[in-house]
Amino acid sequence: MSTPRFLTLPPNVRRTYVETSRGRFAALEGMPGSGVAEHCPALLVPGYTGSKEDFLAVLQTLANAGRRRVVAVDMRGQYESPGCEDPSLYTRAALGEDVAALAEALGPDPVHLVGHSFGGLVTRETVLAGRVRLISYTLMSSGPAGVDGPSAAKARALMEAIPQLGMDRIWTLSLEPDARSRGLAPEIVDFLRARTLGNCELGLRTMAAELLTAPDRVDELAKAAEDAGLPILVLYGEDDDVWDPREQAAMAERLDAAKVVIPGSAHSPAVEAPETTAGALTDFWNASERRWRCGSSF
């Protein structure tokens, strides 16, 4: 799981909720500190077992580049966003509809959409559904299909352990000892506990199954993006240990997408190299907006 290195909100970043046609979602929102905010808003979607705090280190920098709103969210049932007892609402397609509703709530301008890890598989569904106005799309540390190898084994083990033990026991027996062995500050450990226990257990089980079984839809995404004139960025850490960097590079080629490899980063570039990651996103977003303002359709 992504582990933030600090929890103090930077200047001009606030905790809030976004009200949508599909419910209420907890969010962190970065707003420009001064000057005219003329750039389109951005929506950042975390991965499995993650949360909006995975983007905390980049929000201020992204917003200070003159963007009207930069919003990172908890998906349905994640941490501080309300969950539900309907497993069909935790599928990739249903979560993608939630993301579309969030993007609509940030309008009327088109939105820069970013999906990290499992959030990339979810936001891909949003793009393929084609019902919201997007100005760019970024896949961050995400792959063409579901996970395999050690990451798949971890997701499967969690999915199978939840009904037997519950997240409280899983935290006590496994996740807390791991967090403490990494020498994390007490407040970070406390946050990880709150996030772990705040997650909806049904949501975690269903999303794990979705993460394991996601098909390769890259060719569909490439066609949808070409038809819409939607620029895509594939961004990942050089040492990503969830989806192989070579697999992500091949995906970028299939998508005819821009590609940025973040040095010194593994699976969580927004945590591990926030300034480099924020700079890459800002450059890509600004280039996408210049193209849009010059009359290209999206």
Side-chain angles (χ1 to χ4, degrees), residues 1-18 24-31 43-63 70-83 90 95 102 114-119 122 140-141 151 154-155 157-158 161-162 165-205 207-208 211 237 241-242 265-275 277-278:
M1 70 177 76
S2 294
T3 303
R5 293 177 176 173
F6 64 89
L7 297 168
T8 302
L9 296 186
N12 304 311
V13 174
R14 64 169 184 157
R15 295 189 177 275
T16 188
Y17 284 88
V18 180
R24 190 183 197 218
F25 296 87
L28 289 172
E29 181 175 9
M31 296 166 290
L43 176 61
L44 315 177
V45 180
Y48 180 61
T49 74
S51 68
K52 59 193 177 301
E53 286 76 13
D54 298 344
F55 300 106
L56 182 56
V58 300
L59 287 175
Q60 182 182 20
T61 303
L62 292 174
V70 182
V71 176
V73 298
D74 295 334
M75 286 192 285
R76 183 182 301 274
Q78 283 186 326
Y79 189 26
E80 295 178 319
S81 284
Y90 295 106
L95 294 171
L102 282 158
V114 178
H116 174 241
S117 193
F118 177 63
V122 168
M140 179 185 292
S141 303
S151 296
K154 290 178 183 178
L158 181 59
I162 288 172
L165 299 174
M167 288 308 300
D168 198 355
R169 289 282 288 163
I170 292 171
W171 168 259
T172 301
L173 294 173
S174 176
L175 300 179
E176 181 178 16
D178 175 70
R180 296 195 183 281
S181 72
R182 288 187 279 153
L184 299 176
E187 64 271 20
I188 300 297
V189 176
D190 290 344
F191 162 75
L192 293 177
R193 180 182 186 278
R195 181 169 73 177
T196 297
L197 302 187
N199 284 323
C200 169
E201 293 187 358
L202 175 63
L204 285 174
R205 291 169 58 197
M207 287 190 284
L211 179 61
D241 56 357
V242 176
S265 174
H267 188 58
S268 301
V271 173
E272 297 150 352
E275 290 303 313
T277 300

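Sequence positions, counted from 1, serve as the residue numbers for this chain. Since the structure is predicted, the reported quantities are computational estimates derived from the model, not experimental observations.
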Checklist entry - Which distance, rounded to the nearest 0.5 Å, do you find between the CG of Leu197 and the OG1 of Thr172? => result 8.0 Å
Checklist outcome for this item: Closest non-hydrogen contact found for Val13 with Gly30 is CG2-CA, 4.2 Å
Checklist outcome for this item: Taking every heavy atom of Ala27 against every heavy atom of Val71, the minimum-distance pair comes out as CB-CG1, 3.8 Å
Checklist entry - Can you check whether Ser51's main-chain N or O pairs, donor with acceptor, with Glu80's side chain at less than 3.5 Å? => result no
Item to check | Interatomic spacing from CZ in Phe25 to CG in Leu102 - rounded to 0.5 Å | outcome: 5.0 Å
Checklist outcome for this item: Heavy-atom closest pair (Asp54 atom, Pro4 atom, distance to 0.1 Å) is OD1-CD, 4.4 Å
Next on the checklist: I'd like to know if the side chain of Ser117 pairs up with that of His267 as donor and acceptor (distance under 3.5 Å, no hydrogens or angles considered).
Outcome noted: yes
Next on the checklist: How close do Asp241 and Ser151 get, counting heavy atoms only, and between which atoms?
Outcome noted: O-OG, 3.7 Å
Item to check | Atom pair CE/CG of Met31 and Leu62 - distance to nearest 0.5 Å | outcome: 14.0 Å
Checklist entry - Is there a donor-acceptor contact under 3.5 Å from the side chain of Thr277 to the main chain of Pro269? => result yes
Checklist entry - Stepwise, does the salt bridge (Lys or Arg N to Asp or Glu O under 4.0 Å) test hold for Glu201 with Arg205? => result CA-CA 6 Å; Glu201 293 187 358; Arg205 291 169 58 197; over 6 Å; no
Checklist entry - Which residues pass the side-chain hydrogen bond (donor to acceptor under 3.5 Å, both in side chains) test with Gln60, sequence neighbours left out? => result none
Checklist entry - Relative to Tyr79, does Arg195 satisfy both conditions: NZ or CZ under 6.0 angstrom from the six-membered ring centre, and within 45 degrees of the ring's axis? => result no
Item to check | Minimum side-chain heavy-atom gap Arg76-Pro82 below 4.5 Å | outcome: no
Checklist outcome for this item: Here the gap from Thr196 atom OG1 to Asp168 atom CG, rounded to the nearest 0.5 Å, amounts to 10.0 Å
Item to check | pair Leu44-Lys52: side-chain heavy atoms closer than 4.5 Å | outcome: no
Next on the checklist: Applying side chain to side chain contact (heavy atoms under 4.5 Å, CB included) to Phe6 and Leu56, what does each step give before you reach the verdict?
Outcome noted: CA-CA 8 Å; Phe6 64 89; Leu56 182 56; 3.8 Å; yes
Next on the checklist: Tell me if the CZ atom of Arg15 is crowded by more than 12 foreign heavy atoms within 6.0 Å.
Outcome noted: yes
Item to check | Flag side-chain contact, heavy atom, 4.5 Å: Tyr17 against Asp74 | outcome: no
Item to check | side chain to side chain contact (heavy atoms under 4.5 Å, CB included) evaluation trace for Ile188 with Arg5 | outcome: CA-CA 7 Å; Ile188 300 297; Arg5 293 177 176 173; over 6 Å; no
Item to check | For Leu7 against Glu187, the heavy-atom pair lying closest together | outcome: CD1-O, 3.6 Å
Next on the checklist: A side-chain contact here means heavy atoms from C-beta on lying under 4.5 Å apart; do Phe191 and Thr3 qualify?
Outcome noted: no
Item to check | Derivation of the side chain to side chain contact (heavy atoms under 4.5 Å, CB included) call for His116 and Ser141 | outcome: CA-CA 6 Å; His116 174 241; Ser141 303; 3.8 Å; yes
Next on the checklist: Give me the atom names and distance for the closest heavy-atom approach of Ala57 to Ala270.
Outcome noted: CB-O, 3.7 Å
Checklist entry - Between atom CG of Leu165 and atom OG of Ser174, what is the distance when rounded to the nearest 0.5 Å? => result 10.0 Å
Checklist entry - Just wondering, do Tyr48 and Val242 contact through their side chains at under 4.5 Å, heavy atoms? => result no
Item to check | Verdict with supporting geometry, Leu175 and Met167, side chain to side chain contact (heavy atoms under 4.5 Å, CB included) | outcome: CA-CA 10 Å; Leu175 300 179; Met167 288 308 300; 4.3 Å; yes
Item to check | All salt bridge (charged side-chain N to carboxylate O under 4.0 Å, His left out) counterparts of Glu272, not counting sequence neighbours | outcome: none
Next on the checklist: Working to the nearest 0.5 angstrom, can you tell me the gap between Cys200 SG and Met75 CE?
Outcome noted: 12.5 Å
